[in-house]
Amino acid sequence: MGTKSREYLFGATICVLAERARDARKDADGLACQAWNARMLGFQGPAQPSPALGDALNAGYRYLEVKCLGCATHQTVALDVVRRPKTTPIHELERYMRCRHCSELQGRPFKRNHLVALRTTKVSAANPPSVCWPGER
Ligand SMILES: [Zn+2]
């Protein structure tokens, strides 16, 4: 006479609960990114507190839209190639961003940028920047 194995007794429960936890984390990360986006697009800040890099990636936000304050162009930065710990808040990336065009013009790293929003896709002609501010073309 044998007993049922622990795998048989608890295996399915563990799988289901782990899946629910994964889904809940993804939902929470997505909502945190949406809330941050709404604040940045609606009020243009403050950028702090912001979701962590790993949270944004987990929620499917693979790009960060950044506006250069020198030439007013919007660019996207791919978050999955940023070499920072996944716990780094998004707003801490602001000080590392530099505009290539303005840096070449000035002959020094031009780092005056403004974070715009997290995006799931790149900025392109078919997919224009999510916001135009007053005084901007
Ligand atoms: Zn620039």
Side-chain angles (χ1 to χ4, degrees):
M1 202 167 117
T3 56
K4 288 176 179 170
S5 71
R6 288 181 186 277
E7 178 66 31
Y8 177 83
L9 288 172
F10 302 114
T13 308
I14 292 168
C15 284
V16 168
L17 290 177
E19 192 173 319
R20 279 178 55 194
R22 193 169 52 238
D23 291 349
R25 271 195 296 272
K26 194 166 186 177
D27 286 349
D29 291 346
L31 291 172
C33 292
Q34 284 175 29
W36 191 76
N37 271 357
R39 192 169 73 223
M40 294 304 288
L41 293 173
F43 299 106
Q44 294 159 28
Q48 308 164 21
S50 62
L53 187 56
D55 294 356
L57 288 172
N58 185 36
Y61 289 90
R62 294 182 51 226
Y63 298 96
L64 177 64
E65 182 179 340
V66 179
K67 179 192 167 197
C68 173
L69 296 177
C71 57
T73 52
H74 289 248
Q75 295 165 40
T76 42
V77 178
L79 292 178
D80 49 0
V81 298
V82 171
R83 295 195 309 179
R84 293 279 173 253
K86 296 292 181 245
T87 52
T88 309
I90 294 293
H91 71 263
E92 283 195 7
L93 300 176
E94 186 171 26
R95 59 188 157 140
Y96 301 115
M97 309 282 172
R98 63 191 173 98
C99 178
R100 183 175 297 156
H101 176 71
C102 292
S103 297
E104 281 172 7
L105 278 179
Q106 300 204 352
R108 64 181 174 85
F110 186 85
K111 292 189 174 181
R112 293 189 59 228
N113 292 294
H114 186 90
L115 303 182
V116 177
L118 289 164
R119 296 172 62 97
T120 53
T121 54
K122 282 185 165 187
V123 169
S124 65
N127 185 10
S130 34
V131 68
C132 271
W133 292 338
E136 205 177 298
R137 55 194 186 294

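Both counts, for ligands and for their atoms, begin at 1 and track the order of listing. Just so it is clear, the model here is predicted, and its values are computed rather than measured. Numbering starts at 1 and runs along the sequence shown.
Linking ILVMFWY side-chain heavy atoms closer than 4.5 Å, directly or via other members, places L79 and L115 in a single hydrophobic cluster. Residue V77 is grouped with residue L93 when hydrophobic side chains (ILVMFWY) are merged at heavy-atom distances under 4.5 angstrom, including chains of intermediate members.
Of the possible donor and acceptor atoms, one in the side chain of N113 sits under 3.5 Å from a partner among the backbone N and O of M97. The backbone N or O of L53 lies less than 3.5 Å from no partner atom in the side chain of T88, so there is not a single donor-acceptor pair. At distances below 3.5 Å, not a single donor-acceptor pair connects side-chain atoms of D55 with backbone N or O atoms of D29.
Partners of D23 by side-chain hydrogen bond (donor to acceptor under 3.5 Å, both in side chains), not counting sequence neighbours: none found.
Around the Zn ion (ligand 1), the protein contributes the following N, O or S atoms at distances under 2.8 Å: C68 SG, C71 SG, C99 SG, C102 SG.
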